[in-house]
Amino acid sequence: MLRFYDAPAVIILVVDRVLDDAWPIIDIGLVSQNICLAALEYGLGTCIMRAIVDYPDVIRDVVGIPDSKRIIVGIAIGYPDEDHPVNHVKCPRERIEEMVTFIGEK
């Protein structure tokens, strides 16, 4: 993950430190999702990478991000290798009814 799965490009989303409340994080989530959906439309694969925030000084030095910006998330982007084992990992998931409470009429 720390090599961004060898993706040819990475998008790094940042927020100005002046915006210190939680709302910019919601915006970044929306932007991240839309970047991933748009990439998929063009046949590209993406992976949203939270681990990038664990090494902000390295990222700042390599990419030139000023201290006035807070690094929020990275998105690895490229053409997926469908044969790579990581793309065949299957994880069991809980049913939505076990995680969500529906209130109201059916």
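Quick caveat: nothing in here was measured; it's all calculated off a predicted structure.
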Of all heavy-atom pairs linking Val53 and Pro56, the shortest is O-CD, 3.2 Å
Under 3.5 Å, which donor-acceptor pairs link side chains of residues 64-71 to any protein atom two or more places apart or in another chain?
unit_1 : atom_1 : unit_2 : atom_2 : d
Lys69  : NZ     : Asp16  : OD2    : 2.9

Validation: residues 27-44 side-chain donor-acceptor distances under 3.5 Å, sequence neighbours left out:
unit_1 : atom_1 : unit_2 : atom_2 : d
Ser32  : OG     : Ile28  : O      : 2.8
Asn34  : ND2    : Leu30  : O      : 2.8

Following the transitive rule for hydrophobic clusters with a side-chain heavy-atom cut-off under 4.5 Å over Ile, Leu, Val, Met, Phe, Trp and Tyr, establish whether Tyr55 and Ile72 coincide in one cluster. no
For His88, what residues pass the side chain to side chain contact (heavy atoms under 4.5 Å, CB included) criterion, not counting sequence neighbours? none
Non-neighbouring partners of Arg95 that pass side chain to side chain contact (heavy atoms under 4.5 Å, CB included), sequence neighbours left out: Glu97, Glu98
With a 3.5 Å cut-off and sequence neighbours excluded, list the donor-acceptor pairs that the side chains of residues 6-13 form with protein atoms.
unit_1 : atom_1 : unit_2 : atom_2 : d
Asp6   : OD1    : Arg3   : NE     : 3.2
Asp6   : OD1    : Arg3   : NH2    : 2.6
Asp6   : OD2    : Arg3   : NH2    : 2.9

Do Ile26 and Pro24 touch side chain to side chain, with heavy atoms closer than 4.5 Å? no
Does anything in residues 73-94 form a salt bridge (Lys or Arg N to Asp or Glu O under 4.0 Å)? List the pairs, not counting sequence neighbours. none
Between Gly74 and Ile52, which heavy-atom pair has the shortest distance, and what is it? N-CG2, 3.4 Å
